[in-house]
Amino acid sequence: MILLLFSLSFGQKRKAPPPPNETGNSFIKKDFKPKPFTQSIKNYPFKKTSKIKLISYNLDFKREPVDTPPPPGDSLAIWKYKNRKKPVRLETILATENLNGIQQQKSLSLLEIQQLVNIMHNTCSKYFAGLFSESGCYFPRNAVLFYDENDKIFAYLELCFECDGNKQEPKTLFEEDFYCEDIYRQLEIFFNTAGIKTQYLEEKK
């Protein structure tokens with residue numbers, strides 16, 4: 001689907017993107033050549049995709065709240081505990097018909113899809129070895145959703161930009177593309193440029 005749209009909208013030749021900056025960075029392959037968009041979209045999940053959407057959720061939680069049960073017999077504390085606002089899980093959102101729990105969403109244009117594909121396939125692959133460390137927390141606020149021609153979500157990439165972690169469904173969706181920290185930085189910039197927040201939004205008093 002995307003390949004067909006690309007051939008219709010990008011029929012004219014474009015200048016090749018500039019090579020990555022290799023100055024002072026011995027980790028970058030000198031012979032690195034970016035994977036062309038027309039080649040990338042022939043692979044799963046892009047070959048099955050008719051629409052890609054960015055979403056945000058849990059923006060009003062600074063971190064995962066500590067779940068402390070109320071003391072027995074304290075009716076007010078029990079009521080507050082039962083009615084407290086809770087973070088949402090992406091699996092729970094996707095299980096609802098209207099995707100309840102999403103705070104922001106953006107369907108990508110063809111040009112934005114091209115930019116996303118370039119980040120996915122040409123960020124970590126330019127390095128000789130993985131440059132990656134994890135902070136230990138995992139409290140995701142963002143995801144990339146992939147829709148088929150029937151407007152059904154068939155795959156997703158969940159992201160935590162605070163700890164540089166992800167969850168993929170299917171589990172090997174982009175497994176080989178996430179072995180460097182730089183890809184999280186590039187994706188967060190991409191989300192923000194598209195108008196999708198990626199960090200905690202502190203309430204104004």
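We're numbering straight along the sequence, starting at 1.
- Contact check for I102 versus V88: no side-chain heavy atoms found under the 4.5 Å cut-off.
- Here Y184 and F178 bring their ring centres to under 6.0 angstrom of each other.
- Judged as a side-chain hydrogen bond (donor to acceptor under 3.5 Å, both in side chains), and not counting sequence neighbours, the contacts of E158 are Y57, Y138.
- For T198, the side-chain contact (heavy atoms from CB on, under 4.5 Å) test picks out N142, F161, E188, F191, N192, with sequence neighbours left out.
- For the pair Y127/I28, a side-chain contact is recorded, criterion being any heavy-atom separation below 4.5 Å from C-beta on.
- The SG atoms of C124 and C180 sit under 2.5 Å apart.
- Residues that satisfy the side-chain hydrogen bond (donor to acceptor under 3.5 Å, both in side chains) test with E91, not counting sequence neighbours, are K167.
- Taking both residues in full, the closest heavy atoms of S40 and V117 are given as CB-CG1, 3.3 Å, listed atom of the first, atom of the second, then distance.
- The backbone N or O of L59 sits less than 3.5 Å from a side-chain atom of Q103, completing a donor-acceptor pair.
- Put simply, the side chain of L108 reaches to within 4.5 Å of the side chain of L116, judged on heavy atoms.
- With sequence neighbours excluded, the residues that form a salt bridge (charged side-chain N to carboxylate O under 4.0 Å, His left out) with K106 are E112.
- With hydrogens and angles ignored, the 3.5 Å screen pairs a side-chain donor or acceptor of Q168 with a backbone N or O of F174.
- Of the inter-residue distances, the one linking L94 atom CG with L99 atom CG reads 6.5 Å to the nearest 0.5 angstrom.
- Applying the side-chain hydrogen bond (donor to acceptor under 3.5 Å, both in side chains) rule to D177 yields no partners; only residues at least two apart in sequence or on another chain are considered.
- In this structure D148 satisfies the side-chain contact (heavy atoms from CB on, under 4.5 Å) test together with K48, N150, K152, F154, sequence neighbours excluded.
- R63 contributes atom CZ, which lies 10.0 Å from atom SG of C137 (distance to the nearest 0.5 angstrom).
- Here the OG1 atom belonging to T49 is positioned 11.0 Å from the CD atom belonging to E149, to the nearest 0.5 angstrom.
- Here H121 contributes atom NE2 and K126 contributes atom NZ; the two are 15.0 Å apart, rounded to the nearest 0.5 Å.
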Carefully, step by step, assess N58 and Y200 under the rule side-chain contact (heavy atoms from CB on, under 4.5 Å). CA-CA 8 Å; N58 289 334; Y200 167 65; over 6 Å; no
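- Taking all atoms of both residues into account, the shortest heavy-atom contact from F32 to S125 is CE1-OG, 3.5 Å.
- The structure places CD1 of I113 at 8.5 Å from CZ of F46, a figure rounded to the nearest 0.5 Å.
- Side chains of I196 and I55 form no contact here, defined as non-hydrogen atoms less than 4.5 Å apart.
- S50 is not listed as a side-chain neighbour of F146, based on a closest heavy-atom distance of 4.5 Å or more.
- Not counting sequence neighbours, K62 has no partner by the salt bridge (charged side-chain N to carboxylate O under 4.0 Å, His left out) test.
- Note: the hydrophobic cluster containing L90 does not contain L157 (ILVMFWY, side chain heavy atoms under 4.5 Å, direct or indirect links).
- Residues forming a side-chain hydrogen bond (donor to acceptor under 3.5 Å, both in side chains) with K35 (at least two apart in sequence, or on another chain): none.
- Under the 4.5 Å side-chain contact rule for hydrophobic residues, Y44 and Y156 do not share a cluster.
- M120 and L145 end up in different hydrophobic clusters when Ile, Leu, Val, Met, Phe, Trp and Tyr side chains are linked at under 4.5 Å.
- Grouping Ile, Leu, Val, Met, Phe, Trp and Tyr residues whose side-chain heavy atoms lie under 4.5 Å apart, directly or via other members, places F61 in a hydrophobic cluster with F139.
- Distance check, rounded to the nearest 0.5 Å: CD1 of I153 to CD of E169 gives 12.0 Å.
- The backbone N or O of I93 sits less than 3.5 Å from a side-chain atom of T96, completing a donor-acceptor pair.
- Looking at residues two or more places apart in sequence or on another chain, you find a salt bridge (charged side-chain N to carboxylate O under 4.0 Å, His left out) between R185 and D182.
- In this structure, the side-chain contact (heavy atoms from CB on, under 4.5 Å) partners of E175, at least two apart in sequence or on a different chain, are T172.
- Applying the side-chain contact (heavy atoms from CB on, under 4.5 Å) rule to S107 yields the partners K51, K53; only residues at least two apart in sequence or on another chain are considered.
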